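Accompanying notes for the structure given below.
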There are 2 protein chains.
Amino acid sequence: MASTINDVGRLAGVSRQTVSRALNDPDSLHPTTLKKVMRAIRMLDYHPNITARNLANRSVRSIGLFMPFTVEQMRHNLFFPVISTSICQHCAENDFMFQLFTAAPEEEGFSGLFKKLYYQKKVGGLILALPSIKTRDIVELIGSRIPFVLIGRPAFDLELVHYVDVDNVQASYMATRHLLDLGHRSVALLSASPSLTLSEDLLAGFRKAYEDKGIPTGKAYVAHTDLTFGSARWEMEKLLDLTDPPTAVVSADDLLALGAVRAAEERGMSVPGNLSIVCATHNGWGDIAHPKFTYIATGYEQLGHLASNHMISSILKQDMPALRQILPVRLVECSSTAKCN
Amino acid sequence: MASTINDVGRLAGVSRQTVSRALNDPDSLHPTTLKKVMRAIRMLDYHPNITARNLANRSVRSIGLFMPFTVEQMRHNLFFPVISTSICQHCAENDFMFQLFTAAPEEEGFSGLFKKLYYQKKVGGLILALPSIKTRDIVELIGSRIPFVLIGRPAFDLELVHYVDVDNVQASYMATRHLLDLGHRSVALLSASPSLTLSEDLLAGFRKAYEDKGIPTGKAYVAHTDLTFGSARWEMEKLLDLTDPPTAVVSADDLLALGAVRAAEERGMSVPGNLSIVCATHNGWGDIAHPKFTYIATGYEQLGHLASNHMISSILKQDMPALRQILPVRLVECSSTAKCN
DNA sequence: CGAATTCATGTGAACGTTCACATTTAGAGT
DNA sequence: ACTCTAAATGTGAACGTTCACATGAATTCG
């Protein structure tokens, strides 16, 4: 059906290897021959069979992104489109395929699944965007010599783990600090599930800000959400119903911030009049907020870019320097924060 | 390095074909042999090389989703996570790979790119979620016998085109009708770019609702946006500044509706007090709206599911009935609509 | 009990490339 | 013109599977 390298060779009156060279190393061919071959390629509308090429090369020009979420969980996930699109574009530029996996983990953890994908040559390497990952999985992945990059700092600091992340500790610190500097003394942290590294980081920055200012943490609240609008709203409601409610909120992301605003508005409060809010991270949700959220700018697009760049490089060459990068963040002041009155 | 089917055979004391059978047709083997082979597979931690298998089978167990958007355009796209996750899960269930493509079209249209992906055996078929597609591209795709499914009805009705879409005409009709039934006589349609099929559909439903009610369309406004919050807000502002502004809005999706609400609120208007809003389609954005939007429920998840199901089936078997499906929609009444006063 | 039949396994070739090496052709240099 | 080297092209084998067929063992039946 489809034409092969042999058909092209026959038509051009050369051997199959010459056709192969025309594709992979044109300079090694006599210009006249090259022209003949190219003409034959066009005439037959020949396209090299990547499967055969991969087999002969023992190479897999493909990277996978693994994000274990259900459709329901993805429904409000604006992190995903940014990350996957940025990886996808980077792959396209390097003639790599980009595969997506959203499967839930098997009961024995992720590594079985990853090993399978890699050993079956379905992917040459993996980018893992996991809410959390077990040490055992990591150790096993490293042991299997599977190339992988984590998006999100792992909870432990193994020498050989490659990862990129935004500086969540610093983000939380800057957010909290900003509020404390405005005179707030009772700040609430709207965090994620306590088991996540993200939550640990946010908490660390939160505490450090209080510490650096020498303010007692007696009225520093920490609430945990499942990163949905509904849970943020609910947690915020509980906080506002306290006898001594917080006057400001640091929220893990801007979807949570929207939940917090809703809770405040329902109680007749206004932002930033009665409640100040800073988003410790920022994705698309905040763009529709009113008033505009003061937030910590975290270049999520960068994450995908760095991860795929590292992944592709380390698939092509063996020797890549370790990727263990925490991206800097910066405060962007908008109008959801005000001095504490 | 990695073990092959031959290694397994040698260890188990059988031929390579027997190992192959153990994997692909276990019943054809003597139970004792099967057990021996399985043990060897486990001992060697053998994983079949999918690349080699695909080559031998002349099969490509992989489908691609093509969505030509930039990172910036994806930033607020909640349609994408739902679609891609639902396709992805369906692929996983059928042991298919799922590849993502976000590249912009070449100047001569999409079909060159698609042909390349298909003839190179990178994908066995494509799901295309394009804002719009040229007839020439479609014709060329069909001519090339590339299996593909469109998500979104194409502007023309070629017999051989496979597609799924939600019933945008009906959605728009129901939304408009609902508002007219509530007594509104001046409804605005916040649509997309006029060149899109989506916009045509919305307009058709919008007009038909007026027609069916026998209401003159003198005060029926149509505004075009680029499907962003900002443009919806801006268009809505212009509408509200008219001497005879609309009392209700049908918005193409709920992100636009949020933009409309913002414009209204800025003018001291309230929803649904002074302005009623219905979303003709619904994705995640509306979930944070206050008041909750009355909307037309469109099962976007279904779209991905139907498309991938059809794609996978038609890659595996030749003879698939045509997929030309328009999914029904239904009105969900919430609190963004009120009687016209 | 021998031939016919079924069941179980093995063998060569093929899928479409590229690699390593062999061979041919062309381009000098004296 | 004649070797010597460099450039250009061709050939067999390999990548790891599966397919089509061949072979051999076990079962059935008259």
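Below, chain A is the first sequence line, B the second, and so on; all start at residue 1. Remember, it's a predicted structure, so these values are computed and weren't measured experimentally.
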Nearest-neighbour nucleotide for the [X] side chain, [options] considered:
X: B:Arg16; options: C:dG16, C:dT11, C:dA8; answer: C:dT11
X: B:Ile5; options: D:dT9, C:dT18, D:dT17; answer: D:dT17
X: A:Arg21; options: C:dC15, D:dA8, D:dG10; answer: D:dG10
X: A:Arg58; options: D:dT17, D:dC15, C:dG16; answer: D:dC15
X: B:Gln17; options: C:dT17, C:dG10, C:dA8; answer: C:dG10
X: A:Thr4; options: C:dG10, D:dT17, C:dT17; answer: C:dT17

Check your understanding: Which word best sums up how the rings of B:His162 and B:His310 line up, parallel for under 30°, tilted for 30 to 60°, or perpendicular for over 60°?
Key -> tilted
Exercise for review: Measure the acute angle between the ring planes of A:Phe66 and A:Phe114, then classify it against the limits of 30° and 60° as parallel, tilted or perpendicular.
Suggested key: perpendicular
Review point. Which residue lies toward the 5' end of DNA chain C, B:Asp27 or A:Asn24, if each is placed at its nearest nucleotide?
Key: B:Asp27
Exercise for review: Could you pick out which residue, B:Leu34 or B:Ala56, lies toward the 5' side of DNA chain C when each is mapped onto its nearest nucleotide?
Suggested key: B:Leu34
Review point. For D:dG10, does OP1 or OP2 lie under 4.0 Å from any side-chain N or O of A:Thr18?
Key: yes
Review point. In whole angstroms, how far is the P atom of C:dC19 from the CG atom of A:Asn54?
Key: 12 Å
Point to revise | Min side-chain heavy-atom separation B:Lys122-B:Leu117 under 4.5 Å | key: yes
